[in-house]
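Hydrogens, waters and symmetry mates are skipped; everything else that's a heavy atom, side chains included, is used. Chain naming here is simple, since letters A, B, ... match the order of the sequence lines and numbering starts at 1 in each.
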2 protein chains.
Amino acid sequence: MPALPSPKRSSPRRVVSRRKTLALVITEHLRQEIVTGVREPGSKISEPTIAAAHDVSRAPVRESLRQLEREGLVVFDAVGRSRVVQLTNDDVEDICGIRASLESTAAGHAATRFHAAIEQTLRSNVAEMEEATTLDEVSQLDLAFHAAIMEASGRRRLITAWRAIEPQLRLWLGTLQRLREAISADVLAATLAAHRDLIDVLASGDATAARKAVEVHIASWVCESGGSA
Amino acid sequence: MPALPSPKRSSPRRVVSRRKTLALVITEHLRQEIVTGVREPGSKISEPTIAAAHDVSRAPVRESLRQLEREGLVVFDAVGRSRVVQLTNDDVEDICGIRASLESTAAGHAATRFHAAIEQTLRSNVAEMEEATTLDEVSQLDLAFHAAIMEASGRRRLITAWRAIEPQLRLWLGTLQRLREAISADVLAATLAAHRDLIDVLASGDATAARKAVEVHIASWVCESGGSA
DNA sequence: CTCCTAAAAACTGTCGACAGTTCGGGGGGG
DNA sequence: CCCCCCCGAACTGTCGACAGTTTTTAGGAG
């Protein structure tokens with residue numbers, strides 16, 4: 001073996017496991033830490049520290065941070081320092097507005113190409129939510145429901161745009177959750193009802209009605225979830 | 001051969017010029033190549049090749065490509081290969097729809113905080129466009145005009161989202177331009193008139209009217225520019 | 001006790017290297 | 001003449017290193 005400049009590596013050169021880059025693993029981990037509040041908004045993020053924590057080099061960490069920047073969870077300052085984003089009320093308001101626009105547009109498309117598989121997915125999501133007990137579970141399922149509608153639209157660009165803001169929604173939801181622990185039975189029931197209605201509207205194939213329904217649903221949700229303004 | 005730590009550097013270690021990373025330079029160059037069509041949609045992009053072309057290592061190139069992915073100009077396949085995006089009609093339609101939504105929302109905000117400096121910027125843009133002679137110039141100024149409105153809204157998130165799709169608009173515009181060489185005097189006049197009207201509406205401070213006006217402006221523009229659907 | 005300065009510590013941007021994977025072509029078999 | 005397998009070329013993901021900066025820390029001066 002050629003005496004390498006630094007023969008101090010212990011582990012046998014990590015294997016690039018098929019379809020699962022280190023950057024991806026780290027991204028998921030960091031995202032989780034951010035949306036759950038383990039990393040507080042505004043706190044600094046250091047590449048070397050994270051690299052050491054995961055026992056990897058800085059390369060995949062850098063890539064992760066850029067990805068998280070794209071997701072709006074991390075911000076870089078002029079000198080390249082990164083920190084966890086601090087969402088302002090305006091930010092949340094904008095995000096919700098964009099989201100409403102994207103989802104209602106997507107719903108319109110989804111209505112015109114609705115089919116059994118999609119309905120199946122949505123209905124089972126509702127069924128799962130009926131069983132959910134923690135606020136966190138409900139949030140997860142709610143997002144999954146909306147994600148399913150986006151997917152159902154089949155519009156690449158809409159989906160991309162939605163994915164770009166979804167993590168920020170999760171961050172905001174996480175922040176809210178940490179304030180109020182319990183689930184309101186009323187809210188849960190209302191959400192379930194609204195989702196069932198949405199499925200029916202989508203199944204009807206009426207694009208215009210679907211757009212409107214989603215817009216209303218999100219608007220009401222924003223209000224009762226603790227309007228941002 | 002046991003390569004020594006590497007005492008063979010020839011160039012005097014490129015200086016990290018303040019506030020201008022290599023990645024940024026390369027990003028700009030690649031973006032230019034893509035939106036101008038020098039790099040054809042769907043063509044492969046190789047990191048080593050680009051790195052060699054700019055005489056840099058792959059690190060900044062990788063970062064550039066990720067940035068361009070965020071801008072929607074480059075796509076990565078499952079194995080990490082990158083290519084220039086190929087916009088579909090659906091994509092363009094979605095992009096225009098998102099854009100209209102973002103800009104009209106921004107216009108609403110801009111109307112409520114309109115002031116002299118903004119008006120100055122917008123009016124001088126119109127003045128410049130009156131002097132413009134090439135189709136390319138007009139496009140640039142048109143985009144700058146709309147960018148100015150976004151900035152005028154002062155909404156961080158709206159601006160971020162808009163920046164995320166703007167390059168794709170440029171790509172599409174570039175594609176169109178390559179089809180029709182000349183500028184239609186009618187279209188130019190109409191655009192100028194529309195922009196002047198927009199400034200007036202914004203100056204009036206009527207948010208609702210501003211939103212509507214922008215929406216109409218963009219919709220009509222999409223139609224005459226060669227509607228996607 | 002506070003404010004300012006200089007050395008130390010910690011970072012980011014970029015580089016060249018290497019291992020494993022994937023793509024492209026050529027040769028052989030059906 | 002077409003299809004399949006194997007080999008070499010080209011790539012991507014990741015690593016450790018280093019130079020230039022920025023942020024801290026540790027002292028001193030006032």
Undergrad: For DNA chain C, which residues of residues 58-68 of chain B approach it to below 4.0 angstrom with any heavy atom?
TA: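 Nucleic-acid contacts, sorted: B/Arg58, B/Ala59, B/Pro60.
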Undergrad: Kindly say if B/Thr21 contacts the phosphate of C/dG13, meaning a side-chain N or O under 4.0 Å from OP1 or OP2.
TA: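 No.
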Undergrad: Between atom CG in A/Leu24 and atom C1' in D/dT14, what is the gap in whole Å?
TA: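 The distance from CG of A/Leu24 to C1' of D/dT14 comes to 15 Å, rounded to the nearest Å.
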Undergrad: Given atom CD1 of B/Ile45 and atom P of D/dA10, what is their separation to the nearest angstrom?
TA: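 Between P of D/dA10 and CD1 of B/Ile45: 19 Å.
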Undergrad: Below 4.0 angstrom, N of the basic side chain to O of the carboxylate: do B/Glu28 and B/Lys20 qualify?
TA: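 Salt bridge: yes.
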Undergrad: Please confirm whether the shortest side-chain N or O distance from A/Lys44 to OP1 or OP2 of D/dT24 is below 4.0 Å.
TA: yes
Undergrad: On DNA chain D, does the nearest nucleotide to A/Ala23 precede the nearest nucleotide to A/Arg81 from the 5' side, or the other way round? Give the residue.
TA: A/Ala23
Undergrad: Just checking B/Glu40: does its CD atom have more than 12 heavy atoms from other residues, nucleotides or ligands closer to it than 6.0 angstrom?
TA: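 12 or below, so no.
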Undergrad: Nearest whole Å is fine: how far is C/dT12 C1' from B/Lys20 NZ?
TA: 18 Å
Undergrad: Indicate yes or no: does B/Glu166 engage B/Arg99 in a salt bridge with an N to O separation below 4.0 Å.
TA: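 No.
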Undergrad: Quick one: is C/dC11 close enough that its OP1 or OP2 comes under 4.0 Å of any side-chain N or O from A/Thr49?
TA: yes
Undergrad: What is the separation between atom CD on B/Glu47 and atom C1' on C/dC15, rounded to the nearest whole Å?
TA: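 Distance, rounded to whole Å: 14 Å.
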Undergrad: Do B/Glu103 and B/Arg211 meet the salt-bridge criterion of a basic N to acidic O distance under 4.0 Å?
TA: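 Not counted as a salt bridge, because no side-chain N and carboxylate O are separated by less than 4.0 Å.
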Undergrad: Would you mind classifying the nucleic acid contact of B/Ser82 as base, sugar-phosphate or nothing, using non-hydrogen atoms under 4.0 angstrom?
TA: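 Contact class for B/Ser82: none.
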Undergrad: At their closest point, which heavy atom of B/Glu151 faces which heavy atom of B/Arg113, and how far apart are they?
TA: O-NH1, 4.4 Å
Undergrad: Any ion pair linking A/Arg163 and A/Glu71 (charged N to carboxylate O, less than 4.0 Å)?
TA: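 Judged by the 4.0 Å cut-off on N to carboxylate O distance, A/Glu71 and A/Arg163 do not form a salt bridge.
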Undergrad: Could you run down the sub-3.5 Å N/O contacts of the protein with nucleotides 5-8 of chain D?
TA:
none

Undergrad: Before accepting this row, confirm whether a basic side-chain N of the pair A/Arg157/B/Glu93 lies closer than 4.0 Å to the acidic partner's carboxylate O.
TA: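 Judged by the 4.0 Å cut-off on N to carboxylate O distance, A/Arg157 and B/Glu93 do not form a salt bridge.
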Undergrad: Nearest whole angstrom, please: distance from the P of D/dA19 to the CG of B/Leu22.
TA: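 Distance, rounded to whole Å: 17 Å.
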Undergrad: Which pairs with one or both residues in residues 143-168 of chain A pass ring pair (Phe, Tyr, Trp, His ring centres under 6.0 Å), sequence neighbours excluded?
TA: A/Phe145-A/His195, A/His146-A/His195, A/His146-A/His217
Undergrad: Report yes or no: do B/Asp91 and B/Thr88 form a side-chain donor-acceptor pair below 3.5 Å?
TA: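 Their side chains do contain a donor-acceptor pair, which is all the 3.5 Å distance test asks for.
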Undergrad: Rounded to whole angstrom units, what separation is found between the CZ atom of A/Arg83 and the P atom of D/dT23?
TA: 10 Å
Undergrad: Mind calculating the distance between CZ (A/Phe76) and P (D/dT22) to the nearest angstrom?
TA: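 Checked: the CZ to P distance equals 17 Å.
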